Protein chains: 2
Amino acid sequence: MNEQSANTPLSKGSKTKEKILKHSLKLFATKGYKATTVRDIAGSIGIKQSALYNHFKNKDEILETLISDLTSSAIVTLFANKDASELHKDGKSLLMGIATTFKLLSFDGQNEALFKLLMQEIFRNERIREIYNEHFYQENVKKLSGIFFAMMQEEIIKSSDPLLLANEFFSPLFFYQMQVSLLKLDKKSTSSVVSLFEKHVEYFWDNVRQEKTEGLFQ
Amino acid sequence: MNEQSANTPLSKGSKTKEKILKHSLKLFATKGYKATTVRDIAGSIGIKQSALYNHFKNKDEILETLISDLTSSAIVTLFANKDASELHKDGKSLLMGIATTFKLLSFDGQNEALFKLLMQEIFRNERIREIYNEHFYQENVKKLSGIFFAMMQEEIIKSSDPLLLANEFFSPLFFYQMQVSLLKLDKKSTSSVVSLFEKHVEYFWDNVRQEKTEGLFQ
DNA sequence: AGAACAAATGAACACTTGTTCATTTAAATA
DNA sequence: TATTTAAATGAACAAGTGTTCATTTGTTCT
């Protein structure tokens, strides 16, 4: 009977554990990690603070769990379900897909909170920087740079520095996502920024693609 | 003699006031505003905490003063000393100047700290968002967009959406500045990012400029 | 030198913080 | 039903927080 804990249904306990994570994320993203108290978290769920310690060793462990969850978050797995060897054939539609994903994620509450948490803590938390670097930068920017290289070899796009191109493609998306977050905080209209996601891809693709004809009309 | 305070030399008192601001900025940028205690600040200067209150009403006022100083910081006044009506004639060299300024600011300690403080607090502090919006976004992005419009009229660059162009120009610079900050935190090499500042301008200008000849060789 | 004043000190305050723990409650197991 | 186990509670603690204030220090002006 020493394996009890391995096959317990976790039916009720895990519910509050999930609640703690969900509410903590929201609070951390809004007020910041340090400014959020364990009483805030417990209060927002409707339990007493001491109950938190049945699920997490301490406040830090809540943050660490959220950070670990970052590795499986959507923004970090843009290419996860795509077949790497065929990606470069898609051309513009691949890029448009990425931009649309970015745009949609800006308006997904869970992901918006993760983004804000990331932005606020990345300068203080080395672990977050590691995850950002490994999972966002390496997995997305570096991978896209490889795709661009393949596109150049097949003469789909003009040849230039693939890593520069990948940065040029991602940085506006990142910037626009941040703009949306900031505008929403003040309940301002995001429509002008939203349209930039697609405009960026159009502009970008126009610049990199191999011109098929010599005609220069728009 | 009721004007004494107006013409006092401020010789000694203002020195510690400056010290408080300088050390606070460093600490806020490193640990975050909330995690920095008044004892931290006083300790880093070498005075007792109670002495702080001779210069600032409270901890919040220190942050507010730093935020107000943002309006006169370098990143926010890129065009301040330029003559607006003639800017668009400069073309590529104007853009290269801006990129170089960004690059240099990434390595200026004072400005790096301001950037980190901005990034960490902008999601929590409406005043910072206001300043960011008015002084960075309006003053730089919107202004550059006006310059691009003028360039289009004079057929220096291809005609397209000037605001999109301004965003495309600024967002990589912003992104690279953040990358440099993050790399420096972990004492990693920044050289690969540093070269992107200039590469970006070359790439950008190549894409927007009016082609003088029909020849398409690079 | 003496008066006036700004700045620094030391000690204390009221309050908030994260965390612990004995106890109660409730559910699962045997 | 009785037993075991997990989860929630209430109360408390020790440490850390921002801030106040009477007092001392040191400088400036007359």
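These numbers come from a predicted model, not from an experiment. In what follows, every chain begins at residue 1, and chains take the letters A, B, ... in the order their sequences are listed.
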Legend entry - Intermediate values then yes/no, side-chain contact (heavy atoms from CB on, under 4.5 Å), A/Tyr176 and A/Lys103: CA-CA 8 Å; A/Tyr176 299 150; A/Lys103 190 179 71 175; over 6 Å; no
Inset, instruction - Take B/Leu165 and B/Ser160 through the test side-chain contact (heavy atoms from CB on, under 4.5 Å) and record every step on the way to the result. - result: CA-CA 8 Å; B/Leu165 235 51; B/Ser160 61; 3.6 Å; yes
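Atom CZ in A/Phe56 sits about 15 Å away from atom P in C/dG18, given to the nearest Å. Following rounding to the nearest Å, A/His55 (NE2) and D/dA7 (C1') show an atom-to-atom distance of 6 Å. Note: NZ (A/Lys59) to C1' (C/dT17) measures 9 Å, nearest angstrom. If you take CD of A/Glu18 and P of D/dA7, they are 13 Å apart, rounded to a whole angstrom. Rounded to a whole Å, the OH atom of A/Tyr53 is 17 Å from the P atom of D/dC13. Atom CD1 in B/Ile45 sits about 13 Å away from atom C1' in C/dA7, given to the nearest Å. Between A/Asp40 atom CG and C/dT17 atom P there is a gap of 7 Å when expressed in whole angstrom units. Rounding to whole angstrom units, CD1 of residue B/Ile47 and P of D/dT19 are separated by 15 Å.
In terms of position on DNA chain C, the residue among A/Thr36 and B/Leu52 whose nearest nucleotide sits closer to the 5' end is B/Leu52. Comparing A/Gln49 and A/Lys34 along DNA chain D, the residue whose closest nucleotide (by nearest heavy atom) sits nearer the 5' end is A/Gln49.
Base engagement by B/Ser50 is indicated by at least one non-hydrogen atom pair under 4.0 Å involving a base atom.
Put simply, the side chain of B/Arg39 and the base of D/dG18 share a donor and an acceptor less than 3.5 Å apart. Under 3.5 Å, the side chain of B/Asn54 and the base of C/dA8 form at least one donor-acceptor pair of N or O atoms.
At least one side-chain heavy atom of A/Phe107 sits under 4.5 Å from a side-chain heavy atom of A/Thr190. With contacts defined as side-chain heavy-atom distances shorter than 4.5 Å, the pair B/Ile47/B/Lys19 does not qualify.
Counting only N and O atoms by type, the side chains of A/Asp60 and A/Tyr33 include a donor and acceptor under 3.5 Å apart.
Here C/dA8 is the nucleotide among C/dG18, D/dT19, C/dA8 with the atom lying nearest to any side-chain atom of B/Ala51. Distances from the side chain of A/Asn58 to the nucleotides D/dT19, D/dA8, C/dT19 place C/dT19 closest.
The phosphate of C/dA8 (OP1 or OP2) has no side-chain N or O of B/Lys48 nearer than 4.0 angstrom. Considering only side-chain N and O atoms, A/Thr16 lies under 4.0 angstrom from the phosphate OP1 or OP2 of D/dA8.
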